[in-house]
There are 2 protein chains.
Amino acid sequence: MAKDDSADGEVRAPAFVNAKMVAERAGVSRSAVSRTFTDGASVSKATRRKVLEAAEALGYHVNHLARRLNERSNIVCLIVSDMTTPIRAGMVDALTRRLQAAKKITVVINTQSDTDSVSSALRQTLHYRADSTVVLSGTPAPSLIEMALANGQQVILINRDEALPGCEHLSVDNAMAAREAVYLLRRAGCSNLGLVTSTANTASLIAREQIFVATAAAAACQVNVIAAGPTGYEAGGEAARRLFGRSNGPDGVFCTTDLLALGFMDTARREFGLRIPDDLSIIGFDDIEQAGWQSYRLTTFAQPLEAMAAEVAARLTGRQVTAPRQAIFEPVPVWRKSVRPCVMT
Amino acid sequence: MAKDDSADGEVRAPAFVNAKMVAERAGVSRSAVSRTFTDGASVSKATRRKVLEAAEALGYHVNHLARRLNERSNIVCLIVSDMTTPIRAGMVDALTRRLQAAKKITVVINTQSDTDSVSSALRQTLHYRADSTVVLSGTPAPSLIEMALANGQQVILINRDEALPGCEHLSVDNAMAAREAVYLLRRAGCSNLGLVTSTANTASLIAREQIFVATAAAAACQVNVIAAGPTGYEAGGEAARRLFGRSNGPDGVFCTTDLLALGFMDTARREFGLRIPDDLSIIGFDDIEQAGWQSYRLTTFAQPLEAMAAEVAARLTGRQVTAPRQAIFEPVPVWRKSVRPCVMT
DNA sequence: ATTTAATTTGCACGCGCGTGCAAAAAATTC
DNA sequence: GAATTTTTTGCACGCGCGTGCAAATTAAAT
């Protein structure tokens with residue numbers, strides 16, 4: 001009959017230690033405990049020490065969930081798809097590091113699965129009162145973003161050029177890269193250009209394509225545009241098959257993504273016996289790690305991931321009031337060996 | 001002076017809608033609202049409808065942070081390093097999807113940065129009352145894990161063979177793969193074996209190495225072991241340089257990681273003119289996407305990521321009571337072109 | 001129409017915590 | 001040593017929510 005108040009059967013996991021328990025052990029009031037862990041609160045040296053000792057002994061951690069039930073939660077919701085893609089993995093890596101350093105809690109929502117589960121997940125972050133959302137996904141349902149905005153979240157879009165009102169935009173200067181690509185290929189002596197992209201109609205990809213085509217046109221240069229599937233290695237290979245399957249294949253190609261470029265290179269070489277850069281110059285975009293591998297040595301444009309991630313962290317830590325709604329980062333050209341060296345005249 | 005469109009006068013973001021506001025609008029008590037969003041609670045059809053309408057109109061989301069301040073939070077803490085590595089990216093991808101489907105909230109902690117920030121981050125998840133921790137990181141400080149355990153969290157370790165008491169372990173059968181690798185190479189006619197690994201002393205890598213060496217020894221077969229740096233493409237290349245720099249290089253190599261294998265292949269081919277698989281057979285481990293690229297066509301062992309992630313999700317959704325503390329998954333051999341076909345006698 | 005059973009509703013309390021307020025203690029001044 | 005100021009402490013309240021309990025309403029059974 002000895003009814004034990006605390007965890008009688010030991011069935012339950014040991015509950016979290018709370019401030020009251022610490023207070024009892026330290027022989028002070030619960031408020032004293034609370035104040036010890038609150039910056040700028042008034043506690044005497046002695047009490048503070050007693051509290052810290054008791055907390056240490058008991059393994060106490062302040063419950064942030066209960067801290068201020070209605071104030072900012074410091075939770076950031078990161079919406080991302082195609083996480084296995086090297087460039088995305090790099091972004092997630094950089095962001096999680098920077099946000100962590102900024103004392104934020106990063107909740108990841110993977111939009112790979114069906115939209116149903118995604119909207120359910122976003123709803124979850126609302127349930128958990130995330131106070132900001134960072135979108136990396138290529139195609140997040142606009143309604144999801146509206147929901148986030150409607151709930152007062154700060155929303156930052158990365159590499160999405162559509163001007164969604166209320167959001168902040170960070171992106172790479174696609175136009176600059178596309179123009180530079182035309183220039184590089186022309187300088188390498190290419191006369192028949194190709195543009196390889198994917199069927200995924202993301203704003204970034206479209207921008208790279210359109211500016212490239214327009215710039216080439218301005219230089220009186222013909223461009224073959226190919227989109228042969230979802231962004232990735234496979235689609236690059238398929239594009240090569242289509243481009244070189246007919247006569248008069250290009251001698252200079254800009255791929256809107258490194259992954260496309262690598263697939264393109266592989267089948268251009270293996271299935272059509274082309275030498276790079278002798279017969280064919282190729283330029284990519286992203287500068288994923290694989291682009292530097294010996295089999296590829298791809299000339300490409302690097303996205304300044306660290307700088308972008310740092311900017312996100314900065315905007316999320318309060319001082320975003322005066323920051324312009326949009327920030328554009330310069331891609332940095334990475335010269336490797338996939339473009340024929342300029343023939344000096 | 002035209003002041004900006006949206007929410008300018010109000011400096012503060014619109015506060016979250018709470019149950020009380022919904023109750024007022026619906027003309028019912030706050031309890032009724034609460035019950036509407038609680039499974040199995042008793043509410044009449046009519047009230048329920050009124051509440052749902054009001055909630056919809058106001059954009060209400062239950063505040064899970066306040067739900068049961070002392071019960072399970074459904075927050076999972078995912079500790080991971082080397083996130084840009086394809087295999088890790090794949091794991092994170094699979095896990096986030098499965099956990100999401102299981103209605104969990106995934107908080108990512110990136111242990112890439114200094115240990116200081118890591119332990120601070122883990123402490124954060126304690127602050128946020130995560131009720132479980134999944135460890136992917138190669139080298140998480142044991143003290144971190146102890147802290148998690150001490151706070152009653154369920155801890156699942158992936159591909160870490162050390163028997164930490166109180167943790168659950170999921171891992172791939174490294175021994176099986178290593179034995180199979182010896183067998184495959186022998187069958188391909190290789191007589192001089194090599195094992196390429198990294199200087200990162202993770203349990204998985206050590207297991208693959210030791211079993212490979214032991215199995216080869218049992219077959220009276222000599223093995224050169226090389227560890228030339230941190231796990232990655234570069235270290236693979238460096239290993240090739242060391243192995244083939246001296247005379248009597250191996251004709252069959254097992255790399256403990258695909259990334260090592262790919263780097264190894266590239267420099268073996270380019271710097272030493274070796275043909276694969278004619279002069280040299282190579283086997284990797286992980287089956288990252290790049291292993292299937294045309295430049296490599298690497299024979300390797302795939303980690304059953306989906307199965308493992310599903311198991312994690314299952315263990316985290318309650319029924320783990322009877323589950324054995326450890327589960328071992330069979331790697332599935334992926335036959336490609338980097339091992340010389342068996343010469344029929 | 002009454003009695004009884006079943007269902008719904010509102011009130012009040014507590015979860016863990018931060019904080020305003022006033023009492024208590026300590027430090028400073030006269 | 002007394003009066004004053006400064007600091008520290010405890011009490012009590014509220015944050016948004018779930019839930020036990022009893023009152024109120026409805027449905028079912030006489």
Between [atom2] of [N] and [atom1] of [X], the distance in whole Å:
X: A:R129; N: D:dG16; atom1: CZ; atom2: P; value: 9 Å
X: A:H127; N: D:dC17; atom1: NE2; atom2: P; value: 11 Å
X: A:M21; N: C:dC17; atom1: CE; atom2: C1'; value: 15 Å
X: B:H64; N: D:dG18; atom1: NE2; atom2: C1'; value: 12 Å
X: A:N63; N: C:dC17; atom1: CG; atom2: P; value: 5 Å
X: A:Y128; N: D:dG16; atom1: OH; atom2: C1'; value: 14 Å

Tell me the salt bridge (charged side-chain N to carboxylate O under 4.0 Å, His left out) pairs involving residues 31-50 of chain A, sequence neighbours left out? A:R49-A:E53
Tell me which pairs pass salt bridge (charged side-chain N to carboxylate O under 4.0 Å, His left out) where either residue lies in residues 99-111 of chain A, with sequence neighbours left out. none
Should B:E311 and B:R98 count as an ion pair when the cut-off is N to O under 4.0 Å?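 The answer is no: the pair does not qualify as a salt bridge.
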Using side-chain hydrogen bond (donor to acceptor under 3.5 Å, both in side chains) as the criterion, list what pairs up with A:T133, not counting sequence neighbours. A:Q153
Hey, what do you get for NZ (A:K20) to OG (A:S34), rounding to the nearest 0.5 Å?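 Rounded to the nearest 0.5 Å, the NZ-OG separation comes to 15.0 Å.
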Supply the atom-to-atom distance A:T84 OG1 to B:M91 CE, rounded to the nearest 0.5 angstrom.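 With rounding to 0.5 Å, OG1 (A:T84) is 13.5 Å from CE (B:M91).
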Give a yes or no on whether the backbone of [Y] and the side-chain of [X] come within a donor-acceptor separation of less than 3.5 Å.
X: A:R88; Y: A:S81; value: yes
X: B:S132; Y: B:V155; value: no
X: B:H61; Y: A:H127; value: no

Let's go through B:T47 and B:T36 carefully: what are the C-alpha distance in whole Å and the side-chain angles of both, what is the deciding distance for side-chain contact (heavy atoms from CB on, under 4.5 Å) to 0.1 Å, and is it a yes or a no? CA-CA 8 Å; B:T47 346; B:T36 302; 5.9 Å; no
How large an angle, rounded to 10°, do the end axes of the helix from C:dA1-D:dT30 to C:dC30-D:dG1 enclose when each is built from five base pairs?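 Answer for the end axes of this duplex: 30°.
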With a non-hydrogen cut-off below 4.0 angstrom, is A:V33 in contact with a base, only sugar-phosphate, or nothing? nothing
Sugar-phosphate, base or nothing in reach of A:F37, heavy atoms under 4.0 Å: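 A:F37: no heavy atom of the nucleic acid under 4.0 Å.
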Please produce a list of atom pairs where a protein N or O lies less than 3.5 Å from an N or O of nucleotides 5-13 of chain C.
residue	atom	partner	partner atom	Å
C:dT8	OP2	B:S42	OG	3.0
C:dT9	OP1	B:S44	OG	2.9
C:dT9	OP1	B:T47	OG1	2.3
C:dT9	OP2	B:S44	N	3.1
C:dT9	OP2	B:T47	OG1	3.2
C:dG10	OP2	B:S29	N	3.1
C:dG10	OP2	B:S29	OG	2.8
C:dG10	N7	B:R35	NH2	2.9
C:dG10	O6	B:R35	NH2	2.7
C:dC11	N4	B:S31	OG	3.2

Which nucleotide sits closest to the side chain of A:N18: D:dT19, C:dG16, D:dG16? C:dG16
For B:H64 and A:Y128, take the angle between the two ring planes, folded into 0 to 90°, and tell me which bin it lands in: parallel under 30, tilted 30 to 60, perpendicular over 60. tilted
So, OP1 or OP2 of C:dC17: does either fall under 4.0 Å of a side-chain N or O from A:Y60?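 Yes.
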Please list, pair by pair, any protein nitrogen or oxygen found under 3.5 Å from a nitrogen or oxygen in nucleotides 22-28 of chain C.
none

